[in-house]
Amino acid sequence: MKRESRHLYQKLRLFYTVILVCVVGLLVVYSISASRRQEQDKNLEYMRMAGTEARNYILQCSENASYFHGILYNSYNELEDLRHYLTDDVDEYMKFRLDSYGSSASVAYSGIEGFISSMFGSYSQLETIRLYSLAQEIMTYYEADGTRRRERVSMQQAQEAGREAVKGGRRKEALSFRKDLLDPVSLAPIGWVELGFSGSRFREIVALYDKAQMVVCNSYNEAVFLSEEEMAWDGEAGALDEEDSLYTREEVADAYGIVTILPKKDAAHGPPWNMLVILALGALLIGVGEMGISLYLAEIMKRLGTIVEGMEKLKKGDLSTRISFRKKGDELDIIADNFNLMCQDLNLYIQKSYLAEIEQKNAEMEALQSQINPHFLYNTLEAIRMKAICNGDREVGRMLYSMAALFQSQLKEADVITLAQELHYAKRYMELFEYRYLGKFSWKVNCGDRFLQVPIIKFVIQPVLENYFEHGIRLEAKDNVISLAVKEMGKFLLILVEDNGRGMAQGEMEEKNTALQADVMDFHKSMGLGNVNRRLKAVYGPECGVTLGEGSMGGLAVTLRFLADNSEK
């Protein structure tokens, strides 16, 4: 294909590539968007789960504080010890303890301190327990590590102590629950107990849901836990959302509020490998698609190149060119099929128009016939001469008769005769050689009566017989045989000439058949067969002519094909 035709290939490839990149690009953008939405939904769900777990923890701590208060009132010794501890001075309380221990059969004294120590052992998240005495205005602090101290504080200071202890997350303690203590007899208030629980569980929750941030605030909207120390908290979640463009969700548990926070910039941000996988798949799709486009266009351009190449040959006058195509193919195959039909019809039209049909064929046959006469005359006279030298008797007359009959048919008969006449002349010709090769040669003819009146151009069998006597007969043998048979095959008649002579090599036979089929046989090397082949093709069409093959008797088989009814042509 010419270089200019590559422009179509480049344009089509660019067009398909742009479409491919656009489609894959849209898929990549959609996949990234869907992945971000999915990641955002997942992180929002994690934020909700973080708030729910924090709420459950606060409720659990509240229940633990209530349980502490309830079990304390169900323990008589511990409650009585606590009552004296909160209402008596130190000396009176110590006297009460000694008297109680002395009157008790137990080895160990069961007081409030033992009870508090057991509570620390039962609740791992419990950090502090504070007891306040209204009568003495004394606050006693118990720590989980066993530390104990007493401070004299006013009631107002005591009320704010728990709030200050956990404000801003300055200690491990983040949650504080206060329970009033009443005298079990008079039910008069004698103080209160405050239980402080650790905020480490909140940090575990935040670590589990890494993108969620959390603020736990008390009833005063003061932060008692911040997942990040640098977070700014003004006590209102709405203001935080508006200022920092964050997703927020509030939970309320007991006296505490929970605000879970998810920054919008992190909400849809997934792992980096997720984006890389989508981009890699997009690049892979483009690569595979580009390869498919190249292969498809290469096939299309190859077929177009074949069509253009056929047109170039046709432009140079080669009407035998044909383009291969697939049955039930696409438009290119339809073009190739129509091109082949056009070449075939054009070839037939040119043959009919420019060879002047019958006039040209007759002139050609007359010219070819003139080539046969001298050659035939020489061979016949040579046969008579050799026979006369050998015998000098009456058989010479018979030979002269046969020769005269042949000359008469050649000179006086029409160009088209019956098959019976053509076989008669062939018999006369073989009789001449039967005299020449006496005792070494025999012949036979097999033709049905229904074929005898079939018209045929004359002298198509004699050159084949002559070729046998020239090249095929084995003079050293005495069993030379040549056979003529007429057979029917569809609309064609076949004259089969077989012998048991020298035959022909397979390669040489294939070469001659190719030349005969193309009607390009060298007349100087094989004038007889080439002459007959050309005459048959000129009169009966390109499907007719001469074909060589292996004979059933071991020699050569020459098949003459012609139309039984020449009017079909």
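A quick note: this is a predicted structure, and the numbers were derived from the prediction, not measured.
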Visitor: Is it the case that atom CD in Glu290 sees more than 12 heavy atoms from other parts of the structure closer than 6.0 Å?
Guide: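 Above 12, so yes.
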
Visitor: A side-chain contact here means heavy atoms from C-beta on lying under 4.5 Å apart; do Asn533 and Asp519 qualify?
Guide: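 Yes, at least one pair of side-chain atoms sits under 4.5 Å.
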
Visitor: Once you round to the nearest 0.5 Å, how far does CE of Met342 lie from CG of Asp337?
Guide: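 Taking CE in Met342 and CG in Asp337, the distance rounds to 12.0 Å.
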
Visitor: Hey, is Arg201 close enough to Glu53 for a salt bridge, meaning N to O under 4.0 Å?
Guide: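 Salt bridge: yes.
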
Visitor: Classify the ring geometry of Phe68 against Phe115: parallel below 30°, tilted from 30° to 60°, perpendicular beyond 60°.
Guide: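 Answer is tilted, since the angle falls between 30° and 60°.
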
Visitor: In terms of heavy-atom contacts, does OH of Tyr46 have more than 12 from other residues, nucleotides or ligands at under 6.0 Å?
Guide: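 No, OH of Tyr46 has 12 or fewer neighbouring heavy atoms, counting only those of other groups under 6.0 Å.
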
Visitor: Between Asp81 and Tyr93, is there a side-chain donor-acceptor contact under 3.5 Å, judged purely by atom types and distance?
Guide: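 A donor-acceptor contact under 3.5 Å links the two side chains.
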
Visitor: Going by the rule side chain to side chain contact (heavy atoms under 4.5 Å, CB included), which residues pair with Leu27 if we only count those two or more places apart in sequence or in a different chain?
Guide: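 Val23.
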
Visitor: Closest approach of Tyr132 and Leu86, non-hydrogen atoms and distance?
Guide: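 In terms of heavy atoms, the two residues are closest at O-CD2, 3.8 Å.
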
Visitor: Without hydrogens or angle criteria, can the side chains of Thr128 and Arg130 be said to hold a donor-acceptor pair below 3.5 Å?
Guide: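 Their side chains do contain a donor-acceptor pair, which is all the 3.5 Å distance test asks for.
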
Visitor: From Thr17 OG1 over to Ile293 CD1, what is the distance, rounded to the nearest 0.5 angstrom?
Guide: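 Taking OG1 in Thr17 and CD1 in Ile293, the distance rounds to 4.5 Å.
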
Visitor: Looking at Glu127 and Ser198, what are the two nearest heavy atoms and their distance?
Guide: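 Closest pair (atom of Glu127, atom of Ser198, distance): OE2-CB, 3.2 Å.
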
Visitor: Can you classify the ring geometry of Phe225 versus Phe202 as parallel (below 30°), tilted (30 to 60°) or perpendicular (above 60°)?
Guide: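 Rings of Phe225 and Phe202: tilted, as their planes differ by 30° to 60°.
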
Visitor: Holding to side chain to side chain contact (heavy atoms under 4.5 Å, CB included), I want the full list of residues that pass it with Val29, two or more places apart in sequence or in another chain.
Guide: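 So Val29 forms no side chain to side chain contact (heavy atoms under 4.5 Å, CB included) with any residue.
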
Visitor: Please find the pair of heavy atoms, one from Ser133 and one from Thr87, that lie closest to each other, and give the distance.
Guide: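 Scanning both residues completely, I find the closest heavy atoms to be OG-N, 4.5 Å.
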
Visitor: Within the 4.5 Å heavy-atom criterion, are Gln10 and Leu14 side-chain neighbours or not?
Guide: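 Contact flag for Gln10/Leu14 side chains = no.
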
Visitor: Is the CZ atom of Arg178 crowded by more than 12 outside heavy atoms at less than 6.0 Å?
Guide: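 Yes, because the 6.0 Å sphere around CZ of Arg178 holds more than 12 heavy atoms from other groups.
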
Visitor: Are Lys302 and Glu299 within salt-bridge range, i.e. N to O under 4.0 Å?
Guide: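 Salt bridge: no.
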
Visitor: If you measure only the distance, is there a donor-acceptor pair under 3.5 Å linking the side chains of Tyr85 and Thr140?
Guide: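 Yes, Thr140 and Tyr85 have a side-chain donor paired with an acceptor closer than 3.5 Å.
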
Visitor: Shortest non-hydrogen contact from Cys544 to Phe492?
Guide: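 Nearest pair, atom of Cys544 first, then Phe492: SG-CE2, 3.8 Å.
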
Visitor: Under 4.0 Å between a side-chain nitrogen and a carboxylate oxygen: does that hold for Lys42 and Glu45?
Guide: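 Looking at Lys42 and Glu45, the cut-off is not met.
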
Visitor: Taking only Lys NZ, Arg NE, NH1 and NH2, and the carboxylate oxygens of Asp or Glu, determine whether Lys95 and Asp91 approach each other closer than 4.0 Å.
Guide: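 No.
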
Visitor: Indicate yes or no: does Glu80 engage Arg83 in a salt bridge with an N to O separation below 4.0 Å.
Guide: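 A salt bridge links Glu80 with Arg83.
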
